[in-house]
Amino acid sequence: MSWLVVLPLPIPALDFSPPHGFSGDLPLGHRVVVPWQGGIKIGIVVAAGQAHTHRLREVIQVLDPWVHPSLITTLKAYETLSGTPLGLLYCDAITCGWEPHLKHLVRPVEGTDLSLFGLELPTDWSTAVDSPVALDQVREQGLLEERFEFPIRTELAYRGLLDGKDNLTPKQKHAWKTLLTIKEAASLAEWARNAEVSTSVVSGVLARGWAEAFERPAGPPECVPIMERNLKKAEWDIPQSGVSRLHGGHPIERFQHLKTLIEQHLGTGVMYLTPDNYRLERAWQALSHLGAQCYSGSLNPLQRDHIWQQVREGQCRMVIGTYGALALPFPDLSMIILEEEGSDAYKLLSGSKMYMADLTATLAHQRESLLVYTGSVPAVESLKVPGTVLAPPPPRVHVVNYAEGSSQPETGPLSMQHMKPALEGYPLSQDLRKVLTQVAERGRQAVLFAPRKGYSALIRCRSCGYIPFCKHCDVPLKFHQGTRLMQCHQCGYREGPPSTCPKCRGAIWQPKGPGTEWILQETRQLLPGFAVYRYDKDHQDDLRPIYEGHPGIVIGTQALLQEKAPPELALISLTLADSWLGHSDFRTDERYHKLLRQLLEWHPRKSPLLVVQTFQALHPALLAVTEGKPADHFPLQDLGRRELLMYPPYSLLAQVEVASRDKARSESVAEDIQKHLTARGADAEEVLGPAPAPIGKIRGLFLTHLLLRATTQERLKTLLTHMDEERWKARVRIEINPRSANF
DNA sequence: AGCACGCCGACT
DNA sequence: GTCGGCGTGCTC
């Protein structure tokens, strides 16, 4: 009997035979070392294989149990539905343990001479030296014995020495003394931080021989000090089993409720998942005193490994973490709490495109764990489960109605003469200017959210309206003031703005659609001398003064929302809320509503004023918030629309993406798929499209979309199976439960 | 993913 | 004539 082994590669699971002389049960969920393309690789045993006639290679060694069998079942179900190679799913779901630092020991089988193969090995165990291909040859001949060991883990650290070779400068001397006081530093950066000098100073000390690097056994991860917060116990109808939800109110209130629940499950395993780091930190501060560990992408591999083992051994019974924590091998897991279950952050951007919230639900079901959704707003999809919605705190929102009898401004300040009063000062309204000035006068902090990085969404020729587009993608180039270049936010292509319009020779370019740079410029003009920072993907100012509580204004994109709120935050503004409504996909409104609620509870204690500048002041999502409606009011409204349109939760979706360098081919293959499915009995409600993707061309690839919609999982599976019946003449990818779909 | 093989266009 | 683009296929 062979074993099915998953490798961290975008391929299906493959068969291997058990190691020579192996007797025992199938090591389901164990890590194994297997030969792979001349070298070796770590894999996970996921099933018994079908005994092929195919000549298989042997697993070299079984290492240790790594995942719980329920995870294997869960991922298998996802593979069956989506057709994604299992390796890709494992690679994305299991964020630790694929590259253990193993000591590789080898020796020839007794009485064999390996010099024929160009290998000179001692007869007794020795560390394998670098000739993986030659090793693999003798391995395949069965002439090699091998063993892998986990060495004692070490990490590099620095310590001070009592004398060195060269003299030190005063600063270096200070750094040296600091190091002697703290005894050891885990990195140069940590040492420098402690001494409050730059890293060049500490490396100077190192170079002059007053300190040395040394290996030390790797300890557990540094633990953030636990902040004991006295959470009151809240009374509520505690769910006993199945799925339930708890939303709304103030975050602290929700934690109070959850604490009561968590305490009942502490002995039997609790997992608390958050969509991002700021919410991780918030949950950590509220709940870590219950004895939780933290697990997230920001830990280093050693730290992750440490938590993984602790959880496996049952020494750690509660973990607060981001999506990667889902695969942790809890021997018992009686409850999973999923914060902000409808967050797009759970959609993996990498190959598998898994929606981790779906995976969480499947896993909870598999393990019969209690599943609790929590957060500011329930997802429209989770309204069907029983739950509690806490009363919202009074909202502090001011809406600037740009639409007051006017049309959207065509350009920046240049054409202000035609503007209605509301638009005066665009992109910073008079109202916003007023409160910003107050913030500065009172020495407080503010955050302005701009819809995009760069200066403007596009530039346009004033006389003929020509807009420069990217060569490779179907998007306008965004203008960046810092570099004075036009840049594509899809593929990164850059070029200088043309001096005259290539169409009409006009020489005046008008920016449209303010970005961080534009807002920054306006803010600096409004408040000369006041600290103004920029934070987006291109450019991150050092925000330390802000986090230390110094006055200032931060201009950023939504990326900023994944960080914690500035401590003295008095004002938040969406400078152009409409940009969150610009997409034509069915979750847009829900997303906007969630953003507003999230902004209102961003700061854990204060409630800063939220200024929303918009052309759609009567948008129902905005009204639900300003009128103080409960958190589920808008989602319930949206649910009705979803039913009419037969969107989730009333159906399951799969998006089919056809990509080709040739536009006509991309379209025709999509049509072929549509016809094929129709011929197989799919109706017009089940196959939507084809239509060009929201961005019809990316990096020279033309993208065409189809949307498959089914009422049951079985039906969706059937439709997807029909797609495998033919070989399409273009790249076809399927995404289960896409988070955006434009039909 | 990597790495092979294999087929067409533009160059020393 | 070769170099090198990337499309396709395989890994057990």
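Naming: A, B, ... by sequence-line order, numbering from 1 per chain. On a predicted model such as this, the values are computed, not experimentally measured, just so you know. The analysis underlying the following values was restricted to heavy atoms, covering all of them including side chains, and did not include hydrogens, waters or symmetry mates.
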(request) State whether the number of non-hydrogen atoms from other residues, nucleotides or ligands found under 6.0 Å of A/Glu215 atom CD is greater than 12. (result)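 Yes - once you tally the heavy atoms of other residues, nucleotides and ligands closer than 6.0 Å, there are more than 12.
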(request) Report yes if the distance between the aromatic ring centroids of A/Trp3 and A/His30 is under 6.0 Å, otherwise no. (result)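 Centroid distance A/Trp3-A/His30: not below 6.0 Å, so no.
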Does any part of the side chain of [Y], heavy atoms only, come nearer than 4.5 Å to the side chain of [X], both counted from C-beta?
X        : Y        : answer
A/Asp113 : A/Pro108 : no
A/Arg279 : A/Asp276 : yes
A/Ile42  : A/Pro8   : no

Expressed in angstrom and rounded to an integer, what is the separation of [X] atom [atom1] from [N] atom [atom2]?
X        : N      : atom1 : atom2 : value
A/Gln37  : C/dG9  : CD    : C1'   : 12 Å
A/Leu9   : C/dC10 : CG    : P     : 16 Å
A/Arg57  : C/dT11 : CZ    : P     : 13 Å
A/Glu140 : C/dT11 : CD    : C1'   : 13 Å
A/Lys41  : C/dC10 : NZ    : P     : 20 Å
A/Arg55  : C/dT11 : CZ    : C1'   : 13 Å

(request) Dot-bracket for DNA chain C, please, read 5' to 3', with Watson-Crick or G-U wobble pairs under 3.5 Å on both distances, ( ) within the strand, [ ] crossing, | other strand, . unpaired. (result) |||||||||||.
(request) For DNA chain B, note the earliest and the latest nucleotide, 5' to 3', having some atom under 4.0 Å of a heavy atom belonging to chain A. (result)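 Contacts span B/dA1 to B/dG2, reading 5' to 3'.
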(request) Start with the C-alpha distance between A/Thr74 and A/Thr362, add both sets of side-chain angles, then the distance that settles side-chain hydrogen bond (donor to acceptor under 3.5 Å, both in side chains), and finish with yes or no. (result) CA-CA 6 Å; A/Thr74 303; A/Thr362 317; 5.9 Å; no
(request) Report the relative orientation of the aromatic rings in A/Phe148 and A/His104; use parallel for angles under 30°, tilted for 30 to 60°, perpendicular for over 60°. (result) parallel
(request) Report the residues that fulfil side-chain contact (heavy atoms from CB on, under 4.5 Å) with A/Arg312, sequence neighbours left out, ordered by chain and then residue number. (result)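 A/Arg312 satisfies side-chain contact (heavy atoms from CB on, under 4.5 Å) with A/Asp64, A/Pro65, A/Trp66, A/Gln309, A/Pro329 only.
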